[in-house]
Amino acid sequence: MKKALDGFERVVDWLEIAINVLIIGVIGLQIITRSIFNLPLKFPEEVATFSLIAMIFVGLPIVERYDSHLRVEFLQEKLGPAGRKVCRIISRVLILLCVAGILAGEAQLFPQIRVLKTHAAGIPYPWLHTVMIVFSVLWGLFAILGLIKEIRKKV
């Protein structure tokens, strides 16, 4: 199982790099064409926006796998071990609620956007929403595994 997860993480790492290069490339192209040729392009903003959203969702399962969310630990430092455990359990439950909300929203939205494309770049909306659904499900699975691990952990 660890090998499969490590392989998944390598794929995600390369995907994140590719998305970053794409964002930098289209924004760089926009800067060059606008400043040198005085010819602003219409599609770079759409490509960069969709890519940034995809990059965030693609990375969420890995963040969850290593429990490396950004947190404010001021309150948790004041609590004892049992209090910290309760805070971590509550945060996992809130993450699962967030994932459920995203998936419920996508279930309602997806049928309505299945044929839509962006105006300038012609990016199909279902592409981005499929990425959001797939990686939200993976995020939720890692959150469930983390919740089980946290519940089983002794104080």
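Here the side chains of Glu16 and Ile62 are not in contact, with every heavy-atom distance at 4.5 Å or above. By the 4.5 Å heavy-atom criterion applied to side chains, Glu9 and Asp13 are counted as neighbours. Looking only at side-chain heavy atoms (C-beta outward), Thr130 and Phe110 come within less than 4.5 Å of each other. Within the 4.5 Å cutoff, side-chain heavy atoms of Leu22 are placed close to those of Val26. For the pair Phe43/Leu29, a side-chain contact is recorded, criterion being any heavy-atom separation below 4.5 Å from C-beta on. Within the 4.5 Å cutoff, side-chain heavy atoms of Phe142 are placed close to those of Leu5. Taking 4.5 Å as the limit, every side-chain heavy atom of Arg84 sits out of range of all side-chain heavy atoms of Glu77. Proximity of Pro44 to Ile27: side-chain heavy atoms (C-beta onward) are nowhere separated by under 4.5 Å.
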query: What's the verdict on side-chain contact (heavy atoms from CB on, under 4.5 Å) for Lys149 and Leu147, showing C-alpha distance, side-chain angles and the deciding distance?
result: CA-CA 5 Å; Lys149 182 179 173 183; Leu147 179 62; over 6 Å; no
message: Let's go through Val11 and Phe8 carefully: what are the C-alpha distance in whole Å and the side-chain angles of both, what is the deciding distance for side-chain contact (heavy atoms from CB on, under 4.5 Å) to 0.1 Å, and is it a yes or a no?
response: CA-CA 5 Å; Val11 169; Phe8 168 72; 5.5 Å; no
- request: Could you go through the side-chain contact (heavy atoms from CB on, under 4.5 Å) check for Leu60 and Phe135 one step at a time?
  value: CA-CA 7 Å; Leu60 283 171; Phe135 285 93; over 6 Å; no
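Nearest approach of Ser136 to Leu103, heavy atoms of both residues: CB-CD2, 4.0 Å. Gln30 approaches Leu41 most closely through the heavy-atom pair OE1-N, 2.8 Å. Minimum interatomic distance between Arg114 and Pro126 (heavy atoms only, all atoms of both residues): O-CG, 3.1 Å. Contact detail for Ala120 and Lys42: the closest heavy-atom pair is CB-O, 3.4 Å. When all heavy atoms are compared, the tightest approach of Ala143 to Leu96 is CB-CD2, 3.7 Å. Minimum interatomic distance between Ile113 and His129 (heavy atoms only, all atoms of both residues): CD1-CD2, 3.6 Å.
Between Glu150 and Arg92 no salt bridge is recorded (no basic side-chain N to carboxylate O distance below 4.0 Å).
Of the possible polar contacts, none joining the Lys153 side chain to the Lys85 backbone as a donor-acceptor pair under 3.5 Å is found. With hydrogens and angles ignored, the 3.5 Å screen pairs no side-chain donor or acceptor of Ser51 with any backbone N or O of Ile19.
Following chains of ILVMFWY side-chain contacts shorter than 4.5 Å, one can reach Ile102 starting from Leu52, so the two form part of one hydrophobic cluster. No single ILVMFWY cluster, assembled from side-chain heavy atoms under 4.5 Å apart, contains both Leu141 and Leu94. Transitive grouping of hydrophobic side chains (ILVMFWY, heavy atoms separated by less than 4.5 Å) keeps Ile148 and Met1 in distinct clusters. In the hydrophobic clustering of this structure, Leu116 groups with Met132; members are Ile, Leu, Val, Met, Phe, Trp, Tyr whose side-chain heavy atoms approach within less than 4.5 Å, directly or through other members. Hydrophobic clustering (ILVMFWY, side-chain heavy atoms < 4.5 Å, transitive): Phe57 and Val12 are in one cluster.
When the shell of 6.0 Å around NE2 of His119 is examined, it contains 12 or fewer heavy atoms from other residues, nucleotides or ligands. In this structure, Tyr66 places its OH atom where more than 12 heavy-atom neighbours from other residues, nucleotides or ligands lie under 6.0 Å away. Within a 6.0 Å radius of CG in Asp6, more than 12 heavy atoms belonging to other residues, nucleotides or ligands are found.
Classification of the Tyr125-Phe50 ring pair by plane angle, with boundaries at 30° and 60°, yields perpendicular.
Here the CD1-OG1 distance, from Ile123 to Thr118, works out to 4.5 Å after rounding to the nearest 0.5 Å. Note that CD1 of Ile36 and CG of Asn38 are 11.5 Å apart. Values are rounded to the nearest 0.5 Å. Going from atom CG of Asp67 over to atom NE2 of His69 covers 6.0 Å, rounded to the nearest 0.5 Å.
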